[in-house]
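Heads up: the structure comes next, in structure tokens.
Per chain, numbering begins at 1; letters A, B, ... match sequence-line order.
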Protein chains: 4
Amino acid sequence: MAPAAREATRRRVLDATVRTLAAQGFTGTTARSIATTGGFAAGVIYYHFTDLDELFAATVRHVSETQLEQYRADTEGVDSAVELVERLRALYTAAGADRYVAAVQELFAAAHASTGLAEEVRAATTRWQDYAEATIRRLVEGTPFADLVPVREAAVTAVAAFLGVEMLTHLDPGLVDPAGLFDAAARAAALLDATRLL
Amino acid sequence: MAPAAREATRRRVLDATVRTLAAQGFTGTTARSIATTGGFAAGVIYYHFTDLDELFAATVRHVSETQLEQYRADTEGVDSAVELVERLRALYTAAGADRYVAAVQELFAAAHASTGLAEEVRAATTRWQDYAEATIRRLVEGTPFADLVPVREAAVTAVAAFLGVEMLTHLDPGLVDPAGLFDAAARAAALLDATRLL
Amino acid sequence: MAPAAREATRRRVLDATVRTLAAQGFTGTTARSIATTGGFAAGVIYYHFTDLDELFAATVRHVSETQLEQYRADTEGVDSAVELVERLRALYTAAGADRYVAAVQELFAAAHASTGLAEEVRAATTRWQDYAEATIRRLVEGTPFADLVPVREAAVTAVAAFLGVEMLTHLDPGLVDPAGLFDAAARAAALLDATRLL
Amino acid sequence: MAPAAREATRRRVLDATVRTLAAQGFTGTTARSIATTGGFAAGVIYYHFTDLDELFAATVRHVSETQLEQYRADTEGVDSAVELVERLRALYTAAGADRYVAAVQELFAAAHASTGLAEEVRAATTRWQDYAEATIRRLVEGTPFADLVPVREAAVTAVAAFLGVEMLTHLDPGLVDPAGLFDAAARAAALLDATRLL
DNA sequence: TATGAATGAGCCTTCATTCAT
DNA sequence: AATGAATGAAGGCTCATTCAT
């Protein structure tokens, strides 16, 4: 079998892991349930990954990296807050995105102690915080807030809020209304952009 | 045994559950590990609670309610943002508070589907959101932001951010610096309070 | 349940382990097969022993110690070789003895590396070698062989031969004829005893 | 591929099996571990042998036969006990011999029931017993022991003792001192040879 | 002939839960 | 009211074996 096939199967396992995490949560995501979701034998997992910890770590890395690239590409150079909010809304509501977010949130919440998963989650968190920081900095530049807003703190809070929103949304869609939050953000963005004209 | 004694044991179990959740995370919190933490036989749990789900649900309710009362009491009538931030900081850094927060965050993250735990978490979330909403409303009243800030959305986001910060802090204290966030909040609060004088 | 009950169950597990080892060999002795033999749930094993390694180690110690005491008691003070051989024959052919010997031989053969089992097997081996040495020394004392026979080497070889005979007997009763070996030993013993009269 | 090449691969598998048995014991000798030792894919094993049982049977036969030929060649016609002991010592300490002995002992200990391995072990045992019998008979001929020593029993015991010594040596080199046993045997051999001069 | 991907069974161990005492 | 023994159901992981290439 060609190496491409190997990689293809690895992807199938990662994909099944994401789907299972989104559907059953971390607790319900076992080697067996992943295999059932993906339609393969549980043994396959261990052929491609050392153990579940490694699989989860790889999943975090894969999903987080893929999404982050997407976010970077779609928000690159955007310096209008209004425009940014719309881009983020589009990314957030893109087909299939909810599943990735749900899976990552589950893994973030389950990461503990000195496992490989925890290591990967730490790294992913930092990367998202850095991305958020750069983006926020770009936004406030040229506005009266440039020197007022503590950018790093804002970025850190934004990432945390995003995770928290996901956690609650996933638990009960009635608890948080992401669309409403985007709307509110849009209004705030308009105000921010207005200050830039000065 | 008198009802008082019965209640005392129930408390011991709840307390052991909180301590175990904080120390070992949801995954590491089993009937056995709770019993070990509390120094009682695992069977005791089933004498006071139907099953682990009920115990977890009761834990969320107990801790959330206790904390919320504390928060309400300590921030009642506070309408200065600066003062509020300091009160919150005190509550957050109070002795033992970290354990409660950690336990609750674990249970929030683990809640799924139609379990009794999920039900209780939903209820607790709503209560906190309501508390946050009332508090924020009090803050912005009498300021130019009164009609600008979407209070409910802000409250919902605040609760989510709080949970997210806890999740990350618990994973790696290096990822988020709560003290720094309080400092930043304090500065923003000062600005807000300044607008009220007008 | 009284502590006596606990000990009784421990015995049942040990006994089932011996029987399974004798019947299926080390490879066929799994937690499940032991449980089936003993008529209890596999989980019981882990309630009384940390893991299979500890169970096997305890089995070696228990059986080896029990048998060795029996051997010591029944050959104490015997200084006639002929008498000794008959005592040993009786011990060897005693009801149930074959099962104990088979089990111990399996565990000796399976012991490897730095496991708890290996540790226990080492200790048991030394005790049997010491017993054999003391016994042989008593036999040759007062005979012309007293200074000729390297007692320790003879003891070590005797223990090894015993294990080897068991290994082969267990594999195929046709390969070795223990009864014939006892007969031959009896004849040699007669010669030895004869030299003592001088 | 030419038959010679086929045979060469078969040899590589057998050799890898011996090395793995010696290094990891029977329990640690799996299709995977053998393949790793030999540097080939696990599937190769099944191309040359029906299953692991057949591989093990072939290994016993191969090693046992090879060694036995060596022993026969090197002790042929030797009728001095002293000389014999030295020849055996040389064979025993020959480079690489320990590995063969260890592998065979592992397989002897693991053989059970009606497997192909058991069959082969039985056959090998008989051949070694026959060899030992012939050799011992040659030794005692012409000595006063000729009619005293039960040759078959002695041979059977010798083979058993050899296996037992190997088992213990392999477990812990401190339990038995093969060199010391050879020394003791040499002294006994000298005595035996002395009686032949009469 | 040889490889590596895949499968399904089975093993060790843990865990929630029950129950006799 | 509390304990500790016991159970049965998973769960993670390994392994012998098969098979397409």
Side-chain angles (χ1 to χ4, degrees), chain A residues 1-3 5-10 12-13 27-35 40-53 55, chain B residues 1-3 5-6 8-10 12-13 27-35 40-53 55, chain C residues 1-3 5-10 12-13 27-35 39-53 55, chain D residues 1-3 5-6 8-10 12-13 27-35 39-53 55:
Chain A
M1 200 173 267
R6 180 178 183 82
E7 189 52 34
T9 303
R10 234 186 100 98
R12 281 178 64 210
V13 174
T27 297
T29 302
T30 68
R32 275 173 177 74
S33 66
I34 293 171
F40 43 75
V44 177
I45 294 171
Y46 297 92
Y47 191 82
H48 293 274
F49 301 90
T50 299
D51 53 21
L52 286 193
D53 182 52
L55 170 59
Chain B
M1 196 174 268
R6 180 177 177 80
T9 302
R10 231 185 103 97
R12 280 178 65 211
V13 175
T27 297
T29 301
T30 67
R32 246 201 206 80
S33 65
I34 293 170
F40 45 75
V44 175
I45 295 171
Y46 295 89
Y47 192 83
H48 294 273
F49 301 90
T50 301
D51 53 21
L52 284 192
D53 182 52
L55 169 59
Chain C
M1 198 173 266
R6 179 176 184 81
E7 189 53 34
T9 304
R10 234 185 101 97
R12 280 177 65 210
V13 175
T27 297
T29 302
T30 69
R32 272 176 181 74
S33 66
I34 292 171
F40 44 75
V44 176
I45 295 171
Y46 297 90
Y47 191 83
H48 293 274
F49 301 90
T50 300
D51 53 20
L52 285 193
D53 183 51
L55 169 59
Chain D
M1 196 172 268
R6 178 176 180 80
T9 302
R10 232 185 103 98
R12 280 178 65 210
V13 175
T27 297
T29 302
T30 68
R32 245 200 206 79
S33 65
I34 293 170
F40 44 76
V44 175
I45 295 171
Y46 295 88
Y47 192 83
H48 293 274
F49 302 90
T50 300
D51 54 20
L52 284 192
D53 182 52
L55 170 58

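The minimum heavy-atom distance between His48(D) and Arg10(D), with the atom names listed, is O-NH1, 3.7 Å. Taking both residues in full, the closest heavy atoms of Ser33(D) and Gly28(D) are given as OG-O, 2.9 Å, listed atom of the first, atom of the second, then distance. Shown here for Val13(B) and Ile34(B), the closest heavy-atom pair between the two residues is O-CG2, 4.3 Å. Among all heavy-atom pairs drawn from Thr27(C) and Thr30(C), the shortest one is O-CG2, 4.3 Å.
A stem is defined here as three or more consecutive Watson-Crick or G-U pairs, each with both distances under 3.5 Å; for DNA chain F these stems are E:2-21 with F:2-21.
Residues Leu55(C) and Tyr46(C) have side chains not in contact (no heavy-atom distance under 4.5 Å, counting atoms from C-beta outward).
You'll find that the side chain of Ala41(D) is closest to dT3(E), out of dA6(F), dA5(E), dT3(E). Across dA2(E), dT7(F), dT3(E), the shortest atom-to-atom separation from the side chain of Phe40(D) is found for dT3(E). Checked against dT3(E), dA1(F), dA5(F), the side chain of Arg6(B) finds its nearest nucleotide in dA1(F).
In this model, the phosphate group of dA6(E) is approached by a side-chain N or O of His48(A) to a distance below 4.0 Å at OP1 or OP2.
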Any protein N or O atoms within reach of nucleotides 14-16 of chain E? Criterion: under 3.5 Å, listing atom names and distances.
from, atom 1, to, atom 2, distance (Å)
dA16(E), OP2, Ala31(B), N, 2.8

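Sequence order on DNA chain E of the closest nucleotides to Gly39(D) and Asp53(C) puts Gly39(D) first from the 5' end. Nearer the 5' end of DNA chain F, as judged by each residue's closest nucleotide, is the contact made by Tyr47(B), out of Tyr47(B) and Arg12(C).
Regarding Ile45(C), its CD1 atom lies at a distance of 11 Å from the P atom of dT7(F), rounded to whole Å. When the P atom of dG12(F) is taken as reference, atom CZ of Phe49(A) falls 15 Å away, rounded to whole Å. The distance from atom CD1 of Ile34(D) to atom C1' of dC15(F) is 12 Å, rounded to the nearest whole Å.
Rounded to the nearest 0.5 angstrom, Ile45(B) CD1 and Arg32(B) CZ are separated by 11.0 Å.
The side-chain contact (heavy atoms from CB on, under 4.5 Å) test applied to Ala35(B) returns Phe40(B), Ala42(B), not counting sequence neighbours.
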